[in-house]
Amino acid sequence: MDREERLRVAVQKSGRLTDHSLDLMSRCGLKYSRGKDQLLCYGENMPLDVLLVRDDDIPDLVREDVCDLGIVGGNVVHEKRLGFMARGVEPLFEVLQPLDFGRCRLSIAVPDQFRYEGPASIDGLRIATTYPHTVADWLERTGIKAEVVTLSGAVEIAPRLGRADVICDLVSTGSTLQANHLREVEVVLQSQAMLIRTPVPLPQAKEDWLRRILLRIDGVQLVTESKYIMLHAPRAALPEIRRLLPGSEYPTIVPLEGTTEKVAVHAVCRENVFWETLESLKAAGASALLVLPVEKMLP
Ligand code: PRT
Ligand code: ZN
């Protein structure tokens, strides 16, 4: 089958998003074989192939209609969009949905001993970054004039090398900043992995598959947080127990053989169930508590 019939998804080849992206595809039911060149994963049970590329190329591949879909960081989407707009080119890709992994933030960081008293403190200074459009946009919106020094990597050592005064880089745990004696002072952008698509209408069969995949992604996201909880409860305690069940709408109440005072309560909780919740349920009169993982779910 050819491009007319098979969806093509661009995914990062090797990096922080790779495992999560391929895992998401597998959890949506895709079984694939990896080609000899390791660049194309051929979907064996769905008309969907995965193209493995550098993350920075993903928006372009989707924009140029080489791929129908892409999984890429919101930070890259934002930077590319501003870059296309600066060149007067239509940013021809649409963000379909956030994917709940690859979370990080793009932040301004200053050397430890720097006296920071708000964005005005960096007025007239040099900011090193690999996200020049995003930083320029932030500076403009903040009303600050600073020089953007565009680097292709190792941004965190720029102040020590004298190439810049402050930096703007991705942060997740903050340990890289700390190791380089830098301090995060402003969040410019919150980011997570996004599913993007070409705005070009697809042939109907492909649109249908895309819709199915979007539903499956919703299902995968729901089960990650969801738990199935079962417990026994005195009838009198039901209002309190329902109140305590996290994120469940309508629990199933089942009679128990041999007692009229107690019932079994079964509920899907769309939030994680923590020990504290179980302890509160027990204190409210629940017994025989059981929490089970949910394998699949369609809303
Ligand atoms: O080779 P390719 O171009 O495909 O990969 P890449 O090196 O450009 O990207 P990669 O794999 O590093 O990151 C891919 C995407 O992961 C990014 O675009 C973000 O959307 C997301 N992501 C999430 C991160 C981080 N967290 C992150 N911490 N990307 C980079 N970092 C780096 C950051 O640049 C800094 O160097 O990790 C360091 C900071 O981490 P902490 O934990 O010390 O704060
Ligand atoms: Zn990259």
Identify the two heavy atoms, one from [X] and one from [Y], that lie closest to each other, and give their separation to 0.1 Å.
X: S280; Y: L244; answer: O-CD1, 3.6 Å
X: L17; Y: A193; answer: CD2-CB, 4.3 Å
X: P59; Y: K80; answer: CG-CG, 3.7 Å
X: A86; Y: H133; answer: CB-CE1, 4.1 Å
X: S226; Y: V268; answer: CB-CG1, 4.4 Å
X: V155; Y: A128; answer: CG1-O, 3.4 Å

Linking I/L/V/M/F/W/Y whenever their side-chain heavy atoms sit closer than 4.5 Å, directly or via other members, would [X] and [Y] fall into one cluster?
X: V171; Y: L106; result: no
X: I253; Y: I241; result: yes
X: M297; Y: Y228; result: yes
X: V9; Y: L96; result: yes
X: V95; Y: V76; result: yes

Q12 and S21: side-chain donor and acceptor closer than 3.5 Å?
no
May I have the step-by-step check of side-chain contact (heavy atoms from CB on, under 4.5 Å) for I71 and M25, ending in yes or no?
CA-CA 10 Å; I71 297 178; M25 290 295 113; 4.1 Å; yes
Check whether any side-chain N or O of [X] sits under 3.5 Å from a backbone N or O of [Y] as a donor-acceptor pair, and report yes or no.
X: N180; Y: T176; result: yes
X: D123; Y: I144; result: no
X: Q221; Y: P98; result: yes
X: T173; Y: S175; result: yes
X: S191; Y: N75; result: yes
X: E240; Y: A284; result: no

Does any part of the side chain of [Y], heavy atoms only, come nearer than 4.5 Å to the side chain of [X], both counted from C-beta?
X: D165; Y: V110; value: no
X: V187; Y: W138; value: no
X: I167; Y: I127; value: no
X: S107; Y: V188; value: no
X: Y131; Y: H78; value: no
X: T130; Y: E79; value: no
X: S121; Y: R115; value: no
X: D169; Y: T129; value: no

side-chain contact (heavy atoms from CB on, under 4.5 Å), that's the test. Do I108 and E184 meet it? Break it down for me.
CA-CA 6 Å; I108 306 273; E184 185 178 4; over 6 Å; no
Apply the side chain to side chain contact (heavy atoms under 4.5 Å, CB included) test between [X] and each candidate in [options]; give the one that qualifies.
X: L139; options: V135, D137, T142; value: V135
X: R63; options: I58, T198, V89; value: V89
X: F93; options: R81, R197, M194; value: R81
X: L289; options: L278, V273, T277; value: L278

Can you tell me if [X] has over 12 outside heavy atoms packed within less than 6.0 Å of its [atom1]?
X: R105; atom1: CZ; value: yes
X: E64; atom1: CD; value: yes
X: E44; atom1: CD; value: yes
X: E261; atom1: CD; value: no

Check the angle between the aromatic planes of H20 and F101 and answer parallel, tilted or perpendicular using the 30° and 60° thresholds.
parallel
Chi angles and distances behind the side-chain contact (heavy atoms from CB on, under 4.5 Å) call for E276, L281:
CA-CA 9 Å; E276 287 74 12; L281 286 164; over 6 Å; no
Kindly compute the distance separating [atom1] ([X]) from [atom2] ([Y]), expressed to the nearest 0.5 Å.
X: L30; Y: I213; atom1: CG; atom2: CD1; result: 8.0 Å
X: R8; Y: C67; atom1: CZ; atom2: SG; result: 6.0 Å
X: M46; Y: C28; atom1: CE; atom2: SG; result: 6.5 Å
X: K262; Y: L256; atom1: NZ; atom2: CG; result: 8.5 Å
X: L40; Y: Q38; atom1: CG; atom2: CD; result: 11.0 Å
X: E5; Y: K206; atom1: CD; atom2: NZ; result: 9.0 Å

Verdict with reasoning, E279 to K282, per salt bridge (charged side-chain N to carboxylate O under 4.0 Å, His left out):
CA-CA 5 Å; E279 286 159 1; K282 197 160 176 60; over 6 Å; no
For a salt bridge (charged side-chain N to carboxylate O under 4.0 Å, His left out) check, start with the C-alpha distance between R6 and D49, then their side-chain angles and the critical distance, and finish with the verdict.
CA-CA 7 Å; R6 299 186 66 84; D49 304 321; 2.7 Å; yes
For residues 145-157, which residue pairs qualify under side-chain hydrogen bond (donor to acceptor under 3.5 Å, both in side chains), counting only residues two or more places apart or in two chains?
none
Before giving the answer on side chain to side chain donor-acceptor pair (under 3.5 Å), spell out for Q204 and D208 the whole-Å C-alpha distance, their side-chain angles and the decisive distance to 0.1 Å.
CA-CA 6 Å; Q204 194 55 46; D208 290 346; 2.9 Å; yes
Any salt bridge between D100 and R103, counting N to O under 4.0 Å?
yes
Can you check side-chain contact (heavy atoms from CB on, under 4.5 Å) on L231 and L290, steps first, answer last?
CA-CA 6 Å; L231 54 87; L290 207 57; over 6 Å; no
